[in-house]
Amino acid sequence: MKTKFILAMALMMGAMTFTSCSSDDNDNSQSEDSYKDRTYGIEAVDACDQTVTALGNANETIAKAQLTEEQKTALRQVLANLVNNVIVPTYTDLADDVEDLEKTLNGLTVSTITQAQIDKACADFKAARQHWERSEAFLGGAASDFSIDPTIDSWPLDRAELLDYFKGGMTAEIEDESTILGFHALEFILFRNGQNRKVSELQGNDTYKNFENVSGADELKYAQQVCKLLKERCFQLQVAWEGEKNASRVAVVKAAGLSYQTENGLSYGENLTKAGITGSKSTFPSLKDAIAQVLSDDEGSCVAICNEVGTAKIANPFTNGDVAYVESPYSYNSITDFQDNIRSIRNVWLGSLDGNATQGSFHSFFAAVGQTAMNASVEDAFNSAINKIGGMPSPFVKYCSVIWNKNFDDPTNWESTTEE
């Protein structure tokens, strides 16, 4: 027999040139006229907004409910399943892929480099990138507390700062949260115009405007340095959430001088699953506080990333014309990144990584308490967002550039005007 919520209230109310290539941002089969049509971007932004609303309603339904002990137990199982079947596996896969990327990059020298090696590095990068983007629905915790997110994923890449760094002999000190670190610095070195870099370019000098005096040797050296820092931070995420289960990765994190426990000495997995338990040392005063952090808190939640995708990642370049703000513009991976952000919400809601709802998920919880309409609302919303984002003309950087008649590669457009 299904147990119903006792609700406090009822809810459920130009002319730019772009290289055509095969990319992860769809199949590039759009007509040229589609790049001038704002409808696609507007629909994507609206779909994200609808997902934000649906998730907020789900959280508010729980927040206002007089939960029975059985329901509290079920929600604790949701959190445990989320940690064990979504968060820790995602961060473990991310750490594995970044470790692979570092091994590949460390084998690259200008005297022996092959296109196959570059292609392997690009494939490693995209694999790691997918896992990172699919983690953004649960940035609340270690990624936020230890400034991991801004250290490894700040954008837009400051091309002027990166150029100055190379011109200065690569000796300047770089701040942890500089935008010339992390994924997007690696992306710039590994990809251009949606394609993997060519051996001939990395064996000689760069061809990107104003970077013509930067050698491929220096770029490879920098990529290796950046990837080492990226690996340490990704190991930090895994260790922070699962605890000291992987001794070798714990050792790397400790050697780098990185913290990996909450202020009360818990792993972040324990901190979430022990929310509201007296004497547990969890930083969450109550179970509902933990649920809010997962679903719709201001920072590091499902709502937070969905809102960021709609109102910043898409809207800043598409609606506001800040073309420098486009994320992943060199690999043409923008649309895939945005979709993977929404898939991270899907994974949290369904309690799995394969798109299927598991027992012990938000889906199964709402089904058990007779709130099937809530499941339909949330799932229709995030599925629509994934589809509408995928319906935008690709690459996204071309779409925004055509809409605003701006050339992304022109140095006059390098600096983002958006404050975040």
Side-chain angles (χ1 to χ4, degrees), residues 59 75-99 128 131-153 176-177 230-305 341 344-345 347-349 351-353 360-362:
N59 177 66
L75 283 171
R76 290 197 180 281
Q77 183 56 46
V78 170
L79 295 179
N81 183 65
L82 174 61
V83 170
N84 296 326
N85 293 343
V86 177
I87 297 178
V88 170
T90 299
Y91 282 144
T92 301
D93 288 342
L94 170 64
D96 289 347
D97 287 334
V98 172
E99 187 173 38
H131 293 307
W132 169 252
E133 293 301 287
R134 293 190 184 189
S135 78
E136 294 212 36
F138 39 88
L139 291 180
S144 296
D145 289 356
F146 302 133
S147 296
I148 298 172
D149 179 22
T151 298
I152 70 175
D153 196 37
D176 281 348
E177 297 183 16
L230 179 65
K231 182 193 74 173
E232 291 169 351
R233 290 298 208 157
C234 292
F235 281 11
Q236 183 186 21
L237 283 167
Q238 179 185 346
V239 170
W241 275 94
E242 73 173 6
E244 298 182 337
K245 295 180 180 180
N246 188 316
S248 62
R249 290 184 176 177
V250 171
V252 170
V253 172
K254 287 182 175 179
L258 300 172
S259 300
Y260 58 91
Q261 294 178 323
T262 69
E263 59 189 19
N264 295 328
L266 298 178
S267 72
Y268 280 81
E270 292 175 305
N271 192 57
L272 189 64
T273 57
K274 293 182 177 180
I277 297 176
T278 303
S280 69
K281 296 184 179 180
S282 173
T283 59
F284 293 106
S286 72
L287 175 61
K288 290 182 179 181
D289 288 322
I291 298 297
Q293 173 58 71
V294 172
L295 289 181
S296 65
D297 203 30
D298 289 340
E299 181 179 0
S301 68
C302 290
V303 158
I305 185 56
N341 285 162
S344 72
I345 297 169
N347 293 351
V348 168
W349 186 263
S352 73
L353 301 179
S361 63
F362 284 107

I'd like to check [X] versus [Y] (side-chain heavy atoms, cut-off strictly below 4.5 Å). Are they in contact?
X: Ile291; Y: Phe362; value: yes
X: Glu299; Y: Leu139; value: no
X: Leu79; Y: Leu287; value: yes
X: Trp132; Y: Leu237; value: yes
X: Asn246; Y: Val239; value: no
X: Lys254; Y: Glu244; value: yes
X: Leu295; Y: Val303; value: no
X: Leu272; Y: Phe138; value: no

Can you measure from [atom1] ([X]) to [atom2] ([Y]) and round to the nearest 0.5 angstrom?
X: Leu353; Y: Thr90; atom1: CG; atom2: OG1; answer: 4.5 Å
X: Glu242; Y: Ile87; atom1: CD; atom2: CD1; answer: 12.5 Å
X: Ile152; Y: Arg233; atom1: CD1; atom2: CZ; answer: 8.0 Å
X: Leu266; Y: Asn271; atom1: CG; atom2: CG; answer: 5.5 Å
X: Leu230; Y: Thr151; atom1: CG; atom2: OG1; answer: 10.5 Å
X: Asn84; Y: Trp241; atom1: CG; atom2: CH2; answer: 11.0 Å

Any residue meeting salt bridge (charged side-chain N to carboxylate O under 4.0 Å, His left out) with Arg134, in chain and number order, not counting sequence neighbours:
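Checked Arg134 against salt bridge (charged side-chain N to carboxylate O under 4.0 Å, His left out); matches are Asp340.
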
Output all residues satisfying salt bridge (charged side-chain N to carboxylate O under 4.0 Å, His left out) with Asp96, sequence neighbours left out; order by chain, then residue number.
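Counting only residues at least two positions away or on another chain, Asp96 forms a salt bridge (charged side-chain N to carboxylate O under 4.0 Å, His left out) with Arg249.
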
Counting only N and O atoms by type, is there a donor-acceptor contact under 3.5 Å from the side chain of [X] to the main-chain atoms of [Y]?
X: Asn81; Y: Gly360; value: yes
X: Asn341; Y: Glu133; value: yes
X: Ser147; Y: Pro150; value: no
X: Ser344; Y: Ala137; value: yes

Work out which heavy atom in [X] is nearest to a heavy atom in [Y]; give both atom names and the distance.
X: Ala304; Y: Asp297; result: CB-O, 4.0 Å
X: Gln293; Y: Ser301; result: O-CB, 3.0 Å
X: Cys302; Y: Ile345; result: O-CD1, 3.5 Å
X: Ser286; Y: Ala275; result: O-CB, 3.7 Å
X: Val83; Y: Pro89; result: O-CD, 3.9 Å
X: Ala240; Y: Ala142; result: CB-CB, 3.6 Å

Aromatic ring centroids of Tyr91 and Tyr268 under 6.0 Å?
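Distance test on ring centres: not under 6.0 Å, no.
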
Quick one: do Phe235 and Leu258 satisfy side-chain contact (heavy atoms from CB on, under 4.5 Å)? Show the steps, please.
CA-CA 10 Å; Phe235 281 11; Leu258 300 172; over 6 Å; no

Would you mind listing every side-chain hydrogen bond (donor to acceptor under 3.5 Å, both in side chains) that reaches into residues 272-281, with sequence neighbours excluded?
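Qualifying pairs: none.
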
